[in-house]
Amino acid sequence: MNGLPGPLPKSSTMSAGKLIPAPSAWFALLRQHPELDPAETRFEPVKLTLGRASQLMKVNKEVNKRIQFRDDAGKDIWEVGDRAGDCEDYAIRKLQTLIQEHGFPRGALTLAACKLDRGRGHAVLLVHSDRGVYVMDNLTYRVMPWRELPYSWVAREEPGAPFRLWRSLAT
C-alpha cells in the first residue's frame with residue numbers, strides 16, 4: 001500500500017504503557033483455547049497489503065452479521081462467539097478467524113479493553129500493522145483507525161509478555 005490509496009485510511013501507532021495484570025476472564029478463555037495464547041509469540045506488526053486489508057474488512061463484517069448481541073448479564077465470561085455473545089466474544093471470534101483461516105500472525109493481533117461513553121467497558125480486536133493500528137469492533141462494520149473512535153483506551157494483550165501480563169494504553 002506504500003502511500004497509495006487503499007481500502008483503509010492510514011492510521012498511527014498506539015502509545016503503550018506499563019505491564020499490568022490481565023483480566024481474569026481472559027485466563028479462563030486461554031484454558032479453554034490454548035491456541036489463542038499470545039505468550040509464545042512476539043509483538044510484530046503485519047504488513048498491510050490490499051489483500052490483508054480486504055480480509056480484515058470481510059471478517060469484521062461477517063462476524064458482526066453472524067453473531068447476535070447477548071449481554072453476559074453482569075458476568076465476565078470470555079468465549080469464542082458463535083451465534084450469540086457480547087463485545088469480547090465478537091473480538092475473540094475475529095482473532096481466531098484471522099489466525100486460523102487467513103494466516104495472520106498472532107503477534108499482530110491483540111484483544112483490547114476500552115471504555116465507551118459513561119465509562120461502560122468494551123472490548124475490541126486491534127490489528128497492528130505497518131500502516132498503524134486498526135480496530136475491529138462489533139459496533140461498526142468498518143475497520144477503523146484507532147484514533148477515529150471515541151473510546152478511552154485501557155489495556156491490550158502484550159504478546160510474549162512475562163506472566164501473561166497486558167499493556168496499559170494511553171491515547
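As the structure is a computational prediction, the values presented were derived from the model and not from experiment.
- Contact check for K61 versus M57: no side-chain heavy atoms found under the 4.5 Å cut-off.
- How far NZ of K94 is from CG of N60: 3.5 Å, rounded to the nearest 0.5 Å.
- Following chains of ILVMFWY side-chain contacts shorter than 4.5 Å, one cannot reach V154 starting from M14, and the two form parts of different hydrophobic clusters.
- For residues 31-67, every residue pair satisfying the ring pair (Phe, Tyr, Trp, His ring centres under 6.0 Å) rule, not counting sequence neighbours, is listed here: F43-H128.
- A donor-acceptor distance shorter than 3.5 angstrom exists from the side chain of Y90 to the backbone of F69, with no hydrogens or angles considered.
- The shortest non-hydrogen separation linking W26 to R164 is CZ3-O, 3.4 Å.
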For I99 and L109: C-alpha separation, side-chain torsions, deciding distance, then whether side-chain contact (heavy atoms from CB on, under 4.5 Å) applies.
CA-CA 9 Å; I99 292 168; L109 305 170; 3.9 Å; yes
Residue pair F104, L56: steps toward the side-chain contact (heavy atoms from CB on, under 4.5 Å) verdict:
CA-CA 10 Å; F104 272 76; L56 294 176; 3.7 Å; yes
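- Other members of the hydrophobic cluster containing L165, listed by chain and number, are L19, F163; membership follows side-chain contacts under 4.5 Å among ILVMFWY residues, whether direct or relayed.
- The two residues P23 and W166 make their nearest non-hydrogen contact at CD-CE2, 3.6 Å.
- Here the side chain of R106 pairs a donor or acceptor atom with the backbone of L36 at under 3.5 angstrom.
- Across all their heavy atoms, R52 and G103 have their closest contact at NH2-O, 3.6 Å.
- The only member of D137, V59, V127, L8 that meets side-chain contact (heavy atoms from CB on, under 4.5 Å) when paired with V143 is L8.
- At least one side-chain heavy atom of C87 sits less than 4.5 Å from a side-chain heavy atom of N138.
- Y141 places no side-chain N or O within donor-acceptor distance of the main-chain N or O of N64, the cut-off being under 3.5 Å.
- Crowding of E35 atom CD: a count of heavy atoms from other residues, nucleotides or ligands under 6.0 Å exceeding 12.
- Put simply, the side chain of Y134 gets close to the backbone of P9: a donor and an acceptor are under 3.5 Å apart.
- When hydrophobic clusters are built by joining Ile, Leu, Val, Met, Phe, Trp and Tyr residues whose side-chain heavy atoms come closer than 4.5 Å, directly or via intermediates, L95 is not grouped with I77.
- Here M136 contributes atom CE and M144 contributes atom CE; the two are 13.5 Å apart, rounded to the nearest 0.5 Å.
- Rounded to the nearest 0.5 Å, atoms CG (D82) and CD1 (I92) are 13.0 Å apart.
- Between K58 and E62 there is a salt bridge, with a side-chain nitrogen of the basic residue lying less than 4.0 Å from a carboxylate oxygen of the acidic one.
- Taking CD of E158 as the reference point, atom OG of S168 lies at 10.0 Å (rounded to 0.5 Å).
- A distance-only check finds no donor-acceptor pair linking the side chain of T110 to the backbone of E157 [under 3.5 Å].
- Listed for the R70 side chain is no donor-acceptor partner under 3.5 Å among the backbone atoms of R83.
- Atom-to-atom distance recorded for S12:OG and E148:CD is 9.5 Å, nearest 0.5 angstrom.
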Step by step, work out the side-chain contact (heavy atoms from CB on, under 4.5 Å) result for L111 and L125.
CA-CA 5 Å; L111 296 171; L125 180 63; 4.1 Å; yes
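- In this structure a side-chain-to-backbone donor-acceptor pair under 3.5 Å is missing from D86 to D71.
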Show the numbers, then the answer: is there a side-chain contact (heavy atoms from CB on, under 4.5 Å) between R147 and V133?
CA-CA 9 Å; R147 285 196 184 273; V133 179; over 6 Å; no
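- Using a 4.5 Å heavy-atom cutoff, the side chains of L169 and W146 are not in contact.
- Considering every non-hydrogen atom in both P105 and V46, the closest pair reads CD-CG2, 4.0 Å.
- Cluster annotation: L116 is connected to V135 through the hydrophobic network of ILVMFWY side chains, with a link wherever side-chain heavy atoms come within less than 4.5 Å.
- Atom NZ of K115 and atom OH of Y151 lie 14.0 Å apart (nearest 0.5 Å).
- Other residues, nucleotides and ligands contribute over 12 non-hydrogen atoms within 6.0 Å of the CZ atom of R66.
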